[in-house]
Enquirer: 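Have a look at this one before I ask anything.
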There are 2 protein chains.
Amino acid sequence: MSTKEPPCGLDAALAVMGGKWKPLILYHLNSGPKRFGDLKRLVMGVSEKVLIQQLRELAAAGVLTRHDYQRVPPMVDYTMTAFGTTLARALMPLCEWGTEHRNKIAEIMRSPERVESASHSVNLGRSTTS
Amino acid sequence: MSTKEPPCGLDAALAVMGGKWKPLILYHLNSGPKRFGDLKRLVMGVSEKVLIQQLRELAAAGVLTRHDYQRVPPMVDYTMTAFGTTLARALMPLCEWGTEHRNKIAEIMRSPERVESASHSVNLGRSTTS
DNA sequence: CTCGATACTTACCTTAAGGTCAGTACTACC
DNA sequence: GGTAGTACTGACCTTAAGGTAAGTATCGAG
């Protein structure tokens, strides 16, 4: 019984969209195909190397397609697949939640709520913060 | 203009819920208060140390409260805050998406889609896979 | 000529995140 | 005595993830 499929598919979803920049990449691509340079500007703070890497992973996961126009200088665009679109749609409530609560979250990050019996500051770390 | 608040709150949301086990912790706590041991069994694969750590972080972020009954042996339970409940609700579409697509995702992870001009396997890494 | 644009690749580096293991303190049961 | 339960703490370790910097090749503009 302990090896049964879990009731919640969050682990599976996170296996696809997990990565520091992937959620934002998905958000931006959901509004239409984008060139590499567009994404670089829209996903503020991402390095070229990591952007390329995570785009490739998303492509490998069938979430987006990379279309190379075989030009010099290079010209490449990235488009959501139908599968990817369903994921982006499932991410929208989280996006909205974050937008609505952005001020509260910023405040909490500045001054985390005192945790009973411990009051060290929170490190939310590498993988998800910007 | 480039320092304006982003249109999408995913970064803020991820600042709160980012962490390998936090989404699943949130999912399980959404169905009612839980003892530490309950969570350890429900969130399969998590180590005690990391579970404690991420519970503390979620408490510091105001998502849940920790109630210590001051007993020996220790008796502690964790309850979602109203704020946390809004987040868990925002996560449900993603949970459902993952559940629906679990088979497809498992297949992709076994055999990632060929990426144009590269065909290396996908490593979805530490922070979000189980 | 230089610089800017395009979208990458590669070498190398740092460190945050998650983990194992040992320990804590008490009770109850065998 | 031992084991099991409760929920932690701290020391120590590994490595995945994200990053910087340098480089690639071509075109067009000044």
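In what follows, chains are A, B, ... by sequence order, proteins preceding strands, each numbered from 1. Hydrogens, waters and symmetry mates are skipped; everything else that's a heavy atom, side chains included, is used.
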Enquirer: Once you round it to whole Å, what is the distance between P of D:dC8 and CG of B:D68?
Expert: 7 Å
Enquirer: Go through B:L91 and B:L94 one step at a time and tell me if the side chain to side chain contact (heavy atoms under 4.5 Å, CB included) criterion holds.
Expert: CA-CA 5 Å; B:L91 271 173; B:L94 198 54; 4.2 Å; yes
Enquirer: So, under a plain 3.5 Å distance rule, would you say the side chain of A:K20 forms a donor-acceptor pair with the base of D:dG18?
Expert: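 It does not, because no donor-acceptor pair links the side chain of A:K20 to the base of D:dG18 below 3.5 Å.
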Enquirer: I would like to know whether B:E57 and B:V16 meet side chain to side chain contact (heavy atoms under 4.5 Å, CB included); could you show each step before the answer?
Expert: CA-CA 8 Å; B:E57 287 165 12; B:V16 172; over 6 Å; no
Enquirer: Cut-off 3.5 Å, no hydrogens considered: what does the side-chain donor-acceptor table look like for residues 75-84 of chain A, sequence neighbours left out?
Expert:
from, atom 1, to, atom 2, distance (Å)
A:D77, OD2, A:Y69, OH, 3.0
A:T81, OG1, A:G62, O, 2.7
A:T81, OG1, A:V63, O, 2.9
A:T81, OG1, A:F83, N, 3.4
A:T81, OG1, A:G84, N, 2.9

Enquirer: Taking OH from B:Y69 and P from C:dA25, how many angstroms apart are they, rounded to a whole number?
Expert: 25 Å
Enquirer: Side-chain heavy atoms under 4.5 angstrom apart, residues restricted to Ile, Leu, Val, Met, Phe, Trp, Tyr: same cluster for A:L24 and A:L42?
Expert: no
Enquirer: Just to confirm, is there a sub-4.0 Å distance from OP1 or OP2 of C:dG19 to any side-chain nitrogen or oxygen of B:Q53?
Expert: no
Enquirer: Give me, pair by pair, the N or O atoms of the protein and of nucleotides 5-7 of chain C that are less than 3.5 Å apart, along with how far apart they are.
Expert:
from, atom 1, to, atom 2, distance (Å)
C:dT6, O3', A:R35, NH2, 3.2
C:dT6, O3', A:P74, O, 3.4
C:dA7, OP1, A:R35, NE, 3.0
C:dA7, OP1, A:F36, N, 3.3
C:dA7, OP1, A:V76, O, 3.4
C:dA7, OP2, A:G37, N, 2.9

Enquirer: Quick one: A:R56 CZ to D:dG18 C1', roughly how many Å, whole number?
Expert: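 The distance from CZ of A:R56 to C1' of D:dG18 comes to 18 Å, rounded to the nearest Å.
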Enquirer: Roughly how far apart are A:M17 CE and A:Q54 CD, rounded to 0.5 Å?
Expert: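 Spacing of CE (A:M17) from CD (A:Q54) equals 11.0 Å.
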Enquirer: Give every donor-acceptor pair under 3.5 Å between a side-chain atom in residues 29-37 of chain B and any protein atom, sequence neighbours left out.
Expert:
from, atom 1, to, atom 2, distance (Å)
B:S31, OG, B:H28, O, 2.8
B:S31, OG, B:K34, NZ, 3.2
B:K34, NZ, B:H28, O, 3.2
B:K34, NZ, B:G32, O, 3.1

